[in-house]
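Numbering of ligands and ligand atoms starts at 1, following listing order.
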Amino acid sequence: MDAAQVAQVTEMMYALRNPAGIPTYPIVFIALGVLTFAMHIFFVQLMLGTSLITLIGAFSQNAYWRRLGAAMLEIAKVSVSVAIVIGVAPLLFVQVTYDPHWYTSNVLSADWVISFIVLLILAYWAMYFYYFRNNKEKDKTLQPKSRWSMVVSLALMLVVGFIMHSLTKQMLHPELWQEWYMQNGTLDYSGSQLHAFSPWRFAFFISLAIPVAGAMLVTYRRFKSVREDADHDYLNWAASVGKKWMLAGSVISTVLYIGWMMTLPETAGNFATSFWGILGGAAVLFYGIWGLIRLRGEARICSYMALPMGLVVGLIVAISREVLRYDILNGFFNYSFFDYKVITDWYSTGLFFLTFAIVGGSVLAYFLTIAWKAGQTVGVYTPGETVNKMGTIAIWIMTLWMVQFFAVGFYIWSL
Ligand code: HEM
């Protein structure tokens, strides 16, 4: 592209920007976008990896694999909900700072954006169908029923992820938007196509499900080993599978990362050999090596670190992914989110952070405590006084939040 063509693309992107501005500094949205994307993709990977283990268990004749498959289905179910809920956050942030790109990409593939929801619902249903067909069976070593539904669930989840990947990739090609919109001299309003994708990039993000699921297995052994009814032979076997998955998975992901870096578009400049370009891949490889060194034997302390470490590695990859986006859109096309018009609104910014920290924190602390204690109790778990108090406090905080929300709303409305 010559300088005049680049200037035209730059002008187009600025023309598409929301003139209303944003309520606080754009870097805050970017930082939150990166953080929440890392959390989203971590749970996506956990969900995909544990679903894969469920599938392997479902089709295996081995009693341990069958038990493990049933146990990991419990994790997969929860992870899907968390991945979806947390997915909303980067969606909000990316459309604030990169609105010209996100919306254009969505409109160009509108049918897919809409079908995304339908496919996701079907995927979720299929997983629950499998669960309901099998959860009443006490003997988890028997062959599960309706295995096809778990296959359908995982396949649809991957299609959903692919749609997200394609939308993200299309954002990075503003030079092609007009061409995609105007095909063979006619305007294509249909939104029926996904125009761009990178098999390496997609495979890289998906493949991280292997080491993350491996980390889950190591954590699973540690968590369940304290129960009086723990079957240590089975748990040790699960952890040894987990360690292998962590190492093999991180090597596979590193190779895919290198493939992604080697196939970056010209507009990415020297990103692949830059600090962040190298760090992203190095972090993934480091994860496998860390697991190899720190998770030897029982690893009673480090076993609990395996999943948080995965999140940290994911955060490094998320930063590197964001720097790549900035390098393309700013470095090549001269579009910078830093010059977004800011119309400071302290109430909405403050409310966001307080909601995140206080409302989210108190409710999450309660739920996690209950889940933790229930998982380690043999039989039915009855919460003690402190845990009950945590629940009461969480409900009070949510009630106060709703009261202030409507009070401020009515006050503004009455002005
Ligand atoms: C449950 C199935 C899902 C899978 C397998 C999945 C997978 C992925 C993958 C692989 C990416 C990275 C794409 C790339 O950078 O190339 C991604 C990005 C993203 N996902 Fe998901 N996702 C799922 C569900 C969702 C849901 C339900 C939402 C929103 C409610 C969501 C919101 C996002 C957003 C906003 C991004 C891009 C953020 C950005 O560009 O900064 N995802 N997802």
Atoms in ligand 1 flagged as close to V88, the criterion being non-hydrogen separation under 4.0 Å =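 Per the distance check, 29 (C), 30 (C).
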Does [X] use its side chain to pair, donor to acceptor, with the backbone of [Y] at less than 3.5 Å?
| X | Y | result |
| --- | --- | --- |
| T392 | N388 | yes |
| Q5 | D2 | yes |
| R147 | A58 | yes |
| T10 | F333 | yes |

I need the contact type for [X] against ligand 1. Using non-hydrogen atoms and a strict under-4.0 Å cut-off, is it side chain, backbone, both or neither?
| X | answer |
| --- | --- |
| L120 | side chain |
| F93 | neither |
| L91 | both |
| H165 | both |

Ring centroid separation W177 to H101 under 6.0 Å =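 Close enough - the centres of the two rings lie under 6.0 Å apart.
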May I ask you to check whether F205 and W260 place their ring centers less than 6.0 Å from one another?
-> yes
Closest protein heavy atom (residue, atom, distance) for [atom]:
| atom | value |
| --- | --- |
| atom 41 (O) of ligand 1 | R325 NH2, 2.8 Å |
| atom 26 (C) of ligand 1 | F116 CZ, 3.4 Å |
| atom 38 (C) of ligand 1 | R321 NH2, 3.7 Å |
| atom 18 (C) of ligand 1 | F37 CE1, 3.5 Å |
| atom 5 (C) of ligand 1 | M157 O, 3.4 Å |

Test the R67-Y234 pair against the cation-pi criterion, namely NZ or CZ under 6.0 angstrom from the six-membered ring centroid and within 45° of the ring axis.
-> yes
Residue from Y130, F132, W125 passing side-chain contact (heavy atoms from CB on, under 4.5 Å) with Y128 | F132
Hey, which of L167, L194, I206 is the one that makes side-chain contact (heavy atoms from CB on, under 4.5 Å) with F162?
->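 Output: one option passes, namely L194.
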Quick check on [X] - does any of its heavy atoms sit under 4.0 Å from an atom of ligand 1?
| X | answer |
| --- | --- |
| M171 | no |
| Y98 | no |
| K169 | no |

Would you list the protein N, O or S atoms within less than 2.8 Å of atom 21 (Fe) of ligand 1, leaving out water?
-> H40 NE2
Does a side chain donor of either T355 or W401 reach within less than 3.5 Å of an acceptor in the other side chain?
-> yes
Just jot down the side chain to side chain contact (heavy atoms under 4.5 Å, CB included) partners of S253, sequence neighbours excluded, or say none.
-> F204, S207, L208, P211, V284
Relative to each other, are the rings of W237 and W65 parallel, tilted or perpendicular (30° and 60° limits)?
->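 Judged by the thresholds at 30° and 60°, the geometry between W237 and W65 is perpendicular.
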Within a radius of less than 6.0 Å around OH of Y14, do more than 12 heavy atoms belonging to other residues, nucleotides or ligands occur?
-> yes
Is R201 in polar range of ligand 1, meaning some N or O pair under 3.5 Å apart?
-> yes
